[in-house]
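Right, one structure below, let's go through it.
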Amino acid sequence: MHSSPELKSKSLWLALLVGVLAFALVSMTAPAKLSSPDKSDDQSEKKEDKEKKKKSKSDDDDDDDDDDDDDDDKQKKKEAAKQSKKSDSKPVSTKSEKAEVQNSAPIVSLTVGSIDTVAATVETDPVPHGGDAADDPAIWIHPTDPAQSTIIGTNKQGGLAVYDLSGKQIQYLPDGMMDNVDLRDGFKLGGQTVSIVTAGNRKENSIAIYKVNPNTRMLENVAAHKIAHGLSIYGSCMYRSAKTGKIYYFGNSKSGDVEQWELFDSGGKVDAKKVRAFKLGSVVEGCVADDELGHFYISEEAVGIWKYGAEPDAGDKRAQVDKVGAGSLVADVEGLAIAYGRDGAGYLMASSQGNHSFVVYRRDGNNELVKKFRVGDGGGIDGAEETDGIDVTTANLGQAFPHGVFVAQDGLNDKGNQNFKLVPLQAIIKQ
Ligand code: CA
Ligand code: CA
Ligand code: CA
Ligand code: CA
């Protein structure tokens, strides 16, 4: 069988055409292949996309009602934070270009590899409001059955919730725009010794005060009256003096003002009197007091963490624990918490919101840096990102948390509104 010359030349042309097409195809795909990101980048981009979708769904501004929050600035900061999460080779840039200039030191280059990733084993029910709503947790330890302990969490859009250690909401109080919450045991009230819970109510600009009913585990309002701040309340925390046994409430403001109030029994209700005021240079919120060592720590969001004396006569002498930019923190610096160990040992923990991580320092001495970690996805529970408030206890909380628990607000919950993540403390700190 011989093909005709005409057919032969047709086949030749066809072969040539196929060759040319194949060459064109190869030259088109080759550069694309070269510039395509590697697998891990691809994954992180997918994750980023997921987060973006989530964000567009919810208003993720830290504060919806404040004029001093620049939306553009926030967006820039969040993009920078995402960038830092995505790439471990690029330096972390933050919103605080001001801090960058001031420190004139290289921006901290945290690498993903240098940060441990742990996972939550429990997450709470989401808060009832969408957008940026959940803010700060506090852990209440049941006096006789630690497994019955609770997590009290704020919903800054409208109230306060109580969760059991499985994350189930057991109480919700629509009492106002509660921003931060803290508690102290051992308050003498109406002849009883009770746990007192305080929260800064931004709706009324008042100090919300409750006691925990250990039988129901629920909160009961015990404020003697509406106690108004002398500032526009933002963050708050509490202190119990080892020296005097007195219990205090610290409230602060975006203006950098801090007030210390002494809480006292007034006919079976709790009243408060202002005993101290001082001022920092810019926006503050997260704070915590070390009851044993008498320190008061506060986060200046774009600057770092400061340590003051916690007694009302301590004045404004202070030391800087860590810095944004040159230190281990990426703005905003948010929640602070203390993990008490024996004999003054233990840790100060901080939320470094700008790079979705947490920083651990020693409680004693000059608060030496111990480690950094993230709460990542694991065991069917998503990680904690853009965390505002945190709390921690080293107490045995029963089977679920025999070595204590670390609680973090999650700004980007994968299913529904924001919530709180519970991480067994031994995953973070080997004891
Ligand atoms: Ca937030
Ligand atoms: Ca804040
Ligand atoms: Ca999350
Ligand atoms: Ca979730």
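This structure is a prediction, so every number in the text was calculated from the model and none was measured. All ligand and atom numbering here is 1-based and tracks the order in the structure. Computation of the quantities below employed the complete heavy-atom set of this structure, encompassing side-chain atoms and omitting hydrogens, waters and symmetry-equivalent molecules.
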Going by side chain to side chain donor-acceptor pair (under 3.5 Å), name the residues that satisfy it together with H129, two or more places apart in sequence or in a different chain. N155
Can you name the residues that form a side chain to side chain donor-acceptor pair (under 3.5 Å) with Y347, not counting sequence neighbours? none
With a cut-off of 3.0 Å, does any N, O or S atom of D132 fall short of it relative to the Ca ion (ligand 1)? yes
For E301 and S282, does a side-chain donor sit closer than 3.5 Å to a side-chain acceptor? no
Only pairs at least two apart or in different chains count here, so list each ring-ring contact (aromatic ring centres under 6.0 Å, His included) that has a residue in residues 172-224. none
Taking both backbone and side chain into account, is any N, O or S atom of Y234 nearer than 3.0 Å to the Ca ion (ligand 2)? yes
Answer yes or no for D332: is there an N/O/S atom below the 3.0 Å cut-off from the Ca ion (ligand 2)? no
How many protein N, O or S atoms sit closer than 3.0 Å to the Ca ion (ligand 4)? 5
Taking the Ca ion (ligand 2) as the apex, OE1 on E285 and OE1 on E334 give an angle, to 10°, of 80°
Relative to the Ca ion (ligand 2), which of the N, O or S atoms in E301 is the closest? OE2
Considering just N/O/S atoms, say which atom of D388 is closest to the Ca ion (ligand 1). OD2
Atom CG of L293 and atom CG of L348: how far apart are they, to the nearest 0.5 Å? 11.0 Å
Looking only at the aromatic ring of each residue, does the gap between the centers of F296 and F250 stay below 6.0 angstrom? yes
Show the numbers, then the answer: is there a side-chain contact (heavy atoms from CB on, under 4.5 Å) between D135 and N180? CA-CA 7 Å; D135 195 274; N180 287 180; 3.0 Å; yes
Derivation and outcome, side-chain hydrogen bond (donor to acceptor under 3.5 Å, both in side chains), residues D322 and Y361: CA-CA 9 Å; D322 201 357; Y361 310 89; 2.6 Å; yes
Could you tell me if K307 sits above the aromatic ring of Y297, with its cationic atom closer than 6.0 Å to the ring centre and no more than 45 degrees from the axis? no
